[in-house]
Novice: 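First, the structure itself, so that you have it in front of you.
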Amino acid sequence: MSNDFVMTIDDDDESVPFLDEEELEQEETVTKKKNKKGKKANGVAPKDTGDLDPNFSFDAEGGGHMGAHHDWDFTAARAALRAQDEMQPGLSLDDIIARKRAQVKAKKSGKVVAPIEEEKEVNEDDESEFQEALSSDEEGDDNNMEGITFDEDDEDVAEDGFGAGRDEDAGLEDAEAEEAELEDASEEESGSEGSEEESESEEEDEEEESESEDEEDEETEFQKERKKAYFAPETDTPTEVAETFATMNLSRPILKGLAQVGFVQPTQIQARTIPVALMGKDICGGAVTGSGKTAAFVVPVLERLLYRSRQTATSRVLILCPTRELAIQCHSVAQKLASFTDITFGLCVGGLSRNAQEIQLRTRPDILIATPGRLIDHILNSRSFTLDHIDILIMDEADRMLEDGFSAELTEIVKACPQSRQTMLFSATMTDNVDELIRMSLNRPVRLQVDSSNATAARLVQEFVRIRQHREEDRPAVLLALCSRTFKRRVIVFFRSKAAAHQMKIIFGLMGLRSAELHGNLTQEQRLASLEEFRDEKVDFLLATDLASRGLDIKGIDTVINFNMPQNYAIYQHRVGRTARAGRMGRAVTLAGENDRKLLKMAIKNADKRTVKNRVIPQDVITRYRERVEGLTEGVKEVMAEEKEDKALRQAEMEMRKSSNLLKHEDEIYSRPAKTWFQTSDEKKLAADASKSALNEPKKRKVAEPDAPKRDRFAGMSRQKRRRLQLSEEDHQDISSHAKSIKSAKNALKPNKIPKLAPEKTATKPQDKKKKKKDVDFSRDLADASKQGVASAKKLGSGSKFGGKDKKDEKKDRNGKLGKLRGNKAFKSSKKYKRR
Ligand SMILES: Nc1ncnc2c1ncn2[C@@H]1O[C@H](COP(=O)(O)OP(=O)(O)OP(=O)(O)O)[C@@H](O)[C@H]1O
């Protein structure tokens, strides 16, 4: 493993000239300085320290020194899998691909061609290799990738544009020309690529777009007042932040557990959450990806459980996660932290044996870690299983769980838990939207927001590769160029659809790149196997959908590549948050098309400008890879056909086994009570669709504002006139409506009465704020970012920390003292809160 996984000049000679030299130099200087320091401090070269920066302290993101990284394991999940094992394993995709590759090899054996296995190592500039791939498929001009279809998700595949490339013009001659492109991108764009009128209307559109963005961003007075009324005041929370776990009043077994996983200093979210959680308060916690939120809620829960009554076994804590893998990971982390306690755990997730879970649930484990669907299944169908004794309900990735797809399930679970429980919600993109939170019937929650909910990890370098409108079909070639030439290991690639991830897995396989796929079309066994292969470095690439975008903590992911920009910024944050975790460095490379401008701007706006880069891949390289992909078209089709055949065969076998089982055990099977389903299959489908669109659609406006001025009303007016009109409308707004709004927010606090949302009359947005005409152009955005980056770098000095968090904020209120830990001996908080 490289000692420092942020790519520098040495990592990829070919990529060097296309990055901003100045930035690269800075990056190198920073790296060198750190390496030197590391040598001095430890007496060993940083190489020996793996991918950790020995001098990095968690302070930049809030407290904590990195400890040893412990990989989570699948022991519990695997045990449950074995009991299930319904469908016989057939031919693996890798087997089929390997056979196809062998066939191709045999076909070509007469010719002087390097075997496919060795192609990866072959010098990339060796034209003959590509010529060979091309000539082997010469007749296949119309055999392009568009011809490949999937049974499911076809609509998703189309988005990814797997068509072979065209338009081989405009290939830049050499590195110098590429650099010129980088520097002059803005001029080129407004000059040669678009006509005058086009660029004018684009600017108009962009102006509209940026205005609406700002409108969405701005918090109205109404919302502010509502939040003030809803959340506990800051003075209610302890302001002293503990420096070490040892000073946090934690019991010995917990401290031993923490020491065992190498956690010495709490991260900022941990330091702030643990004391408040121990007081039994409801919490809405937010901190950037990879900042240790899991331990922030697990540690106080374990501490409180140490003082539980042991007379009768009871499940007292429920942790909900949106995906199975995340629940499995959380289970593993919590078990490790609880190594020196007698606390028991139950894992209740889909895809694992239901019966095994039912047996486990009967033992009433202290902590249940679950995904919503399977949990509801148990509530409805497992005898004597209830959530009646849940004292603490925790939701990891809470904003995702509050989205439409989970809505019905969540309401059901919340209803099944006692009203007097403590509730804690966490996410890197934690919502503070009162309307969403009301559904969780929180009790005067404390808001613990360490980083802005738009923040990305401090040590993340964000690169963007521009995909021009007419070159959308080059995406696969661009990805392959990146993965074959530059980012060769520990890479996770995100796709929008399962089909795209699967298709790319075949292409990677045929090209000799070691990869595993992770998406919802795989069995749970396959999903775990993929993660294991990637975790254990048996494969270099994990090709995943957004199933893997949240929460997964896999050691040493160097690079995240977004094959497509996700459709909302929160997902982007989570995806890129799979790298640069826990104070490590990491890199995200996003293929950004013209339609992604809005998100691109968001990303740049929220990043440290020094860490944003434009990556340019030479056109001739893209062309070569495009030809390569074209050459593989037939092979991909054949692999998919074979795979389909094999699947059908196994399906038939399974059906046969089922029928013979049914015949053999007919009496017993029919005597079982009918299973109750929480949702009909139609409802399930609706929820799944809602969930999918929540992932793939731009985030809706946070608060419905039915009476807010509609854009259409002003259509056709000049900008000035429109503004004047809006201003005068606001002037005449009835002040009492504002007072009413505040009152309604305060009502939200009253027990037993969750207010119906009073429609907000008008957004009281400062009108005098002059809108700067925003840049409409992708390249200009990046060029600006790099310029600003250089400027800010100069200002800060190259040695300054990346985007450190100001600790002053937390120390503002010195009067508030750390509340006395409410009787560790009384498990529940003595204060009873009335809930809905
Ligand atoms: N106090 C600590 N000291 C050192 N390492 C820590 C500490 N707390 C957590 N870590 C490590 O930080 C990494 C990230 O932790 P975790 O997965 O809890 O982050 P997260 O904030 O939940 O991220 P995400 O938002 O992506 O879910 C883990 O590898 C964990 O072992």
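Keep in mind that this is a model prediction, so the values were computed, not measured. One-based numbering, in listed order, for ligands and for the atoms of each.
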Novice: Is it the case that E517 and S530 place a side-chain donor and acceptor less than 3.5 Å from each other?
Specialist: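 Short answer, no.
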
Novice: Looking at R578, which atoms of ligand 1 are within less than 4.0 Å of one of its heavy atoms?
Specialist: 26 (O)

Novice: Would you please name every residue forming a side chain to side chain donor-acceptor pair (under 3.5 Å) with N606, sequence neighbours left out?
Specialist: none

Novice: Check each of T294, V298, V288, T289 against atom 22 (O) of ligand 1 and report the one with the nearest heavy atom.
Specialist: T294

Novice: Short list, please: which atoms of ligand 1 are under 4.0 Å from a heavy atom of Q265?
Specialist: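 Selected atoms, number and element: 1 (N), 2 (C), 3 (N).
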
Novice: Using heavy-atom distances, let me know which of F245, F263, F297 sits nearest atom 31 (O) of ligand 1.
Specialist: F263

Novice: Treating R584 as the side-chain partner and T579 as the backbone partner, does any N or O pair qualify as donor plus acceptor under 3.5 Å?
Specialist: no

Novice: With the threshold set at 4.0 Å, does a side-chain nitrogen-carboxylate oxygen contact exist between D553 and R581?
Specialist: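 Here D553 pairs with R581 in a salt bridge, since their nearest N and O are under 4.0 Å apart.
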
Novice: Counting heavy atoms only, name the option from A582, P266, S291 that's nearest to atom 11 (C) of ligand 1.
Specialist: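 It is A582 that holds the nearest heavy atom.
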
Novice: I'd like the name of whichever of D553, V261, I554 reaches closest to atom 29 (O) of ligand 1 through any heavy atom.
Specialist: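 Answer by nearest heavy atom: D553.
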
Novice: From atom 24 (P) of ligand 1, work out which of A428, G290, G262 has a heavy atom at the shortest distance.
Specialist: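 Selected option, by shortest heavy-atom distance: G290.
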
Novice: Can you tell which part of Q270 has a heavy atom less than 4.0 Å from ligand 1: side chain, backbone, both or neither?
Specialist: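 For Q270, only side-chain atoms sit under 4.0 Å from ligand 1.
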
Novice: Which atom names give the shortest non-hydrogen contact between A242 and T247, and what distance separates them?
Specialist: CB-OG1, 3.6 Å

Novice: Against the six-membered ring of F534, is R490 placed for a cation-pi contact (under 6.0 Å from the centre, within 45° of the normal)?
Specialist: yes

Novice: Heavy-atom contacts under 4.0 Å between R581 and ligand 1: side chain, backbone, both, or neither?
Specialist: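 It is the side chain that touches ligand 1; the backbone stays farther off.
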
Novice: Should the proximity of E397 to ligand 1, defined as any heavy atom under 4.0 Å, be assigned to the side chain, the backbone, both, or neither?
Specialist: side chain

Novice: Could you list the residues that satisfy side chain to side chain donor-acceptor pair (under 3.5 Å) with R575, not counting sequence neighbours?
Specialist: D546, N562

